[in-house]
Amino acid sequence: MSEEIEKLFKEMAQSIIDGDSDISTELAQKSIEMGVPPLDAITKGFVIGVNYIGDQFGAGEAFLPELVMAGEAMKAAVAILEPELLKLGSARETMGKVILATVEGDIHEIGKTLVGTMLSASGFEVTDMGVDQPADKIIGKALEIDAQLIGLSALLTTTMVRQREIIEELDKENLRPRIQVMVGGAPITRDWATKIKADGTSEDAVGAVALAKQLVGKA
Ligand code: B1M
């Protein structure tokens with residue numbers, strides 16, 4: 001990695017730590033002009049900053065306003081990079097229909113949106129329902145558009161249980177394996193996914209695409 005790009009990644013992380021959306025969007029734009037791969041800008045730059053603030057918050061050394069500002073700066077930067085991620089898509093065929101949502105009680109959206117962008121770039125028809133979505137709405141939408149896959153994001157240990165509720169509801173209605181479920185989000189482990197009988201999990205957006213392709217039989 002060139003020194004210039006290394007410096008850019010550090011500035012990106014710092015812009016999130018500072019909660020500065022003006023700088024984070026400026027740096028996102030600069031990375032595009034420099035030809036930095038957009039996913040690298042996110043994972044090697046901005047995510048380092050948001051994880052730092054998350055850890056500080058968890059340790060009681062940063063407070064809610066800082067978390068909110070970091071989240072906003074992160075969201076703004078990712079929004080600048082989204083069209084670039086979509087351009088990377090080499091999709092030639094339709095891979096299938098996916099419903100994506102963050103579960104009820106949870107408003108974390110950045111990772112879920114990133115997963116949606118990567119799935120779209122890979123040829124999936126993505127219906128992103130947004131955050132704080134109850135089970136009945138998610139299942140209703142999946143039936144309405146005849147989705148093959150539901151992707152559920154949860155970032156809180158208190159909301160990850162909602163993933164299980166949705167899977168149980170689908171099973172109760174005999175809607176699986178017609179509709180498969182993939183789960184993700186920072187607290188989600190393989191053990192959890194197995195325990196709740198999800199069809200799979202992935203720890204990042206690139207893995208989510210590979211998993212989704214596998215689940216719809218197009219890997
Ligand atoms: Co919140 N928050 N937050 N937060 N927040 C966490 C999750 C936390 C770990 C911070 C901490 O304490 N260390 C902690 C949870 C602790 C726990 O549950 N044990 C926490 C808390 C406590 C809270 C509040 C309760 C704080 C409060 O109010 N007291 C509150 C909850 C609100 C609610 O949801 N009801 C809250 C609020 C917020 C903000 C709104 C301020 C903001 C979100 C802004 C937004 O989304 N618009 C925020 C943020 C920014 C974070 C951290 C710092 C960063 C999350 C993020 O965007 N990461 C987070 C700490 C952390 O995770 N390091 C934290 C970047 C993103 C690219 O990664 O979302 O992990 P991620 O997504 C990844 C993978 O997980 C995966 O791929 C993505 C891309 O690689 N993935 C999937 C995600 N979804 C997937 C789905 C898939 C597959 C893969 O298939 C379907």
Side-chain angles (χ1 to χ4, degrees), residues 12-13 16-17 19 21 24 38-79 81-82 85 98-120 122 124 126-133 138 142 147-163 166-167 179-190 192-193 196 198-216:
M12 285 171 158
I16 304 300
I17 294 167
S21 299
S24 71
L39 202 54
D40 280 0
I42 294 171
T43 57
K44 297 181 184 167
F46 297 118
V47 163
I48 307 297
V50 89
N51 282 344
Y52 177 82
I53 284 291
D55 289 346
Q56 293 284 101
F57 180 77
E61 283 160 25
F63 301 97
L64 195 54
E66 284 145 291
L67 194 66
V68 171
M69 285 175 75
E72 278 168 8
M74 177 81 196
K75 197 177 148 187
V78 172
L81 293 166
E82 261 170 19
L85 288 169
V98 186
I99 294 282
L100 209 54
T102 301
V103 297
E104 189 170 12
D106 196 326
I107 60 166
H108 293 86
E109 64 182 330
I110 297 165
K112 181 262 307 152
T113 304
L114 193 55
V115 168
T117 304
M118 298 294 286
L119 285 172
S120 297
S122 308
F124 285 90
V126 178
T127 302
D128 187 337
M129 297 181 66
V131 298
D132 191 18
Q133 291 296 316
I138 295 172
Q148 290 97 317
L149 199 54
I150 294 179
L152 300 172
S153 189
L155 265 285
L156 299 171
T157 45
T158 48
T159 57
M160 53 196 269
V161 288
R162 301 278 178 210
Q163 295 178 331
I166 295 164
I167 290 171
I179 302 174
Q180 303 197 70
V181 181
M182 66 176 191
V183 292
I188 307 307
T189 60
R190 251 168 233 291
W192 170 252
I196 65 170
D199 295 291
T201 184
S202 139
E203 62 182 27
D204 58 28
V206 173
V209 171
L211 172 64
K213 285 184 179 170
Q214 190 193 317
L215 292 177
V216 299

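Start at 1 and go down the list; that is how both ligands and their atoms are numbered.
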**Message:** Quick test: of every protein heavy atom, which one is nearest to atom 46 (O) of ligand 1, and how far off is it to 0.1 Å?
**Reply:** E109 N, 2.8 Å

**Request:** Would you please determine whether P187 falls within less than 4.0 Å of ligand 1 on a heavy-atom basis?
**Result:** no

**4.0 Å heavy-atom contact, G105 with ligand 1** = yes

**Asked** Of the non-hydrogen atoms in D199 and L215, which two are nearest, and what is the gap between them?
**Response** O-CD2, 3.7 Å

**Complete:** When distances are taken from atom 61 (C) of ligand 1, the protein heavy atom at minimum range is N51 OD1, 4.0 Å

**Asked** At a 4.0 Å threshold, what atoms of ligand 1 neighbour a non-hydrogen atom of A205?
**Response** 77 (O), 79 (C), 80 (O)

**Prompt:** Among protein heavy atoms, which lies nearest atom 73 (C) of ligand 1, and at what distance?
**Reply:** G111 CA, 4.1 Å

**Request:** Please could you name the atoms of ligand 1 that D106 approaches to less than 4.0 Å, counting only its heavy atoms?
**Result:** 34 (O)

**Asked** Are any of the N or O atoms of D55 closer than 3.5 Å to those of ligand 1?
**Response** no

**Asked** Got the closest protein heavy atom to atom 65 (C) of ligand 1, with its distance?
**Response** V50 CG1, 3.7 Å

**Request:** Considering only non-hydrogen protein atoms, determine which one is nearest to atom 32 (C) of ligand 1 and report residue, atom name and distance to 0.1 Å.
**Result:** I107 CG1, 3.7 Å

**Prompt:** Hey, is I53 one of the residues with a heavy atom under 4.0 angstrom from ligand 1?
**Reply:** no

**Request:** Mark whether atom 89 (C) of ligand 1 lies under 4.0 angstrom from at least one protein heavy atom.
**Result:** yes

**Asked** Side chain or backbone of V115 under 4.0 Å from ligand 1, or both, or neither, by non-hydrogen atoms?
**Response** side chain

**Prompt:** Is atom 9 (C) of ligand 1 less than 4.0 angstrom from at least one protein heavy atom?
**Reply:** no

**Shortest protein contact, atom 28 (O) of ligand 1 (heavy atom only)** = L64 CD1, 3.6 Å

**Asked** Nearest heavy atom to atom 82 (C) of ligand 1: which of S153, G151, G185 does it belong to?
**Response** G185

**Request:** Could you pull out the N/O/S protein atoms under 2.8 Å of atom 1 (Co) of ligand 1, ignoring any water?
**Result:** H108 NE2

**Prompt:** Hey, is atom 24 (C) of ligand 1 touched by any protein heavy atom at less than 4.0 Å?
**Reply:** no

**Qualifying residue for side-chain contact (heavy atoms from CB on, under 4.5 Å) with V115, from T117, T113, L119** = L119

**Message:** I need the nearest protein heavy-atom contact for atom 87 (C) of ligand 1: residue, atom name and distance, please.
**Reply:** G184 CA, 3.6 Å

Pair up each side-chain donor or acceptor in residues 147-160 with any protein partner under 3.5 Å, not counting sequence neighbours, and list the distances.
{"residue": "Q148", "atom": "OE1", "partner": "K97", "partner atom": "N", "Å": "2.9"}
{"residue": "T159", "atom": "OG1", "partner": "D106", "partner atom": "OD2", "Å": "2.8"}
{"residue": "T159", "atom": "OG1", "partner": "L156", "partner atom": "O", "Å": "3.2"}

**Request:** Give the residue, atom name and distance (to 0.1 Å) of the protein heavy atom nearest atom 19 (N) of ligand 1.
**Result:** T157 OG1, 3.1 Å

**Prompt:** Counting both backbone and side chain atoms, is some N or O of K75 under 3.5 Å from an N or O of ligand 1?
**Reply:** no

**Prompt:** Do protein heavy atoms approach atom 85 (C) of ligand 1 to less than 4.0 Å?
**Reply:** yes

Atom pairs and distances, donor-acceptor, side-chain atoms in residues 46-67, under 3.5 Å, two or more places apart:
{"residue": "E66", "atom": "OE1", "partner": "F63", "partner atom": "N", "Å": "2.9"}

**Item:** Side chain, backbone, both or neither: E203 near ligand 1, heavy atoms under 4.0 Å
**Value:** backbone

**Item:** side-chain hydrogen bond (donor to acceptor under 3.5 Å, both in side chains) against E104, all qualifying residues, sequence neighbours excluded
**Value:** none

